[in-house]
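The structure under discussion appears below in the form of structure tokens.
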Amino acid sequence: MAKLGLPHRFIPATQPGLAPLLLLHGTGGDENDLIPLGEKLSPGAALLSPRGKVLENGMPRFFRRLAEGVFDLEDLRARTQELAYFVKQACNIYSIAAPIAVGFSNGANIAASLLLTQTDALAGAVLLRAMLPFEPQTTPDLSGKPVLLLSGSNDPMVPAASRDRLVTVLKAAGTDLVYKALPTGHNLTQDDLTIAGDWLEHLI
Ligand code: MLT
């Protein structure tokens, strides 16, 4: 593991031509958590998997929250910048292109924050159970950037209004958005894996 600003794992590509994936875990996860998911979604792709540095009762996260669904916006801004810098450095050190983020829950929320504030950091994103992490002052230009948003229609952790607002903001920013609400809750299902795997395969 190279010395970069965030603890992480990096798995080099074994297949040419696949977009690298930036794996962003949920609350309480770590850099190991989503490696099997990344390997399933895009076999042979390079995987870059950082661990969030914020601890909430010992559980790693990518930014602080004041309560469930209530985010510390100053911390979110700083952590998003830190993650963007990490991704840039890692791309140089490991000689990979800008990655597609695959984020779950808290990881999906910081991936959305990265997309909305650091428009060049990511080649696209798979947002699994995301909400709008903050209300942008201006609409960023994300023209044609591929984004897949999969939510659970019975998800108790993601307020429907915030999820819908994220859809509106991503559309207004010009992303090439695929949005699906699955008949499930916060946890991932086989449908998530199938849809995300197909979506990634057709990006190439
Ligand atoms: C968050 O804090 O980002 C969301 O509430 C999702 C979670 O981590 O539970």
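Just so you know, residue 1 is the first one in the sequence shown, and it goes up from there. Read the numbers this way: they start at 1 and go in the same order the structure lists the ligands and their atoms. Only a predicted model underlies this, so the values are computations on that prediction, with no experimental measurement involved. Note: hydrogens, waters and symmetry copies are ignored here, and every other heavy atom, side chains too, is used.
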Just jot down the ligand 1 atoms closer than 4.0 angstrom to any heavy atom of [X], in number order.
X: Ser105; answer: 6 (C), 7 (C), 8 (O), 9 (O)
X: Met157; answer: 9 (O)
X: Phe71; answer: 1 (C), 2 (O), 3 (O)

Test item, Arg61 contacting ligand 1 (heavy atom, 4.0 angstrom): yes
Note, Arg129 side chain near Thr184 side chain (heavy atom, < 4.5 Å):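 They are in side-chain contact.
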4.5 Å side-chain heavy-atom contact, Gln118 and Lys88: no
Residues Asp72 and Arg64 bridged, charged N to O under 4.0 Å: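 Arg64 and Asp72: salt-bridged.
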Ring centroid separation Phe71 to Phe63 under 6.0 Å: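 Centroid separation for Phe71 and Phe63: below 6.0 Å.
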For atom 4 (C) of ligand 1, the protein heavy atom that lies nearest, with its residue and separation: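 Here the closest protein heavy atom is Asn109 ND2, 3.5 Å.
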Atom 5 (O) of ligand 1: nearest protein contact (heavy atom, Å):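 Scanning the protein heavy atoms, the shortest distance from atom 5 (O) of ligand 1 goes to Arg65 NH1, 3.3 Å.
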Ligand 1 to Thr27 polar contact by distance, N or O atoms, under 3.5 Å: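 Thr27 vs ligand 1: N/O contact under 3.5 Å present.
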Fellow cluster residues of Leu66, listed by chain then number, with links counted only when side-chain atoms sit under 4.5 Å apart: Val70
Separation of Asn187 CG from Phe104 CZ (nearest 0.5 Å):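 Phe104 CZ to Asn187 CG: 6.0 Å, rounded to 0.5 Å.
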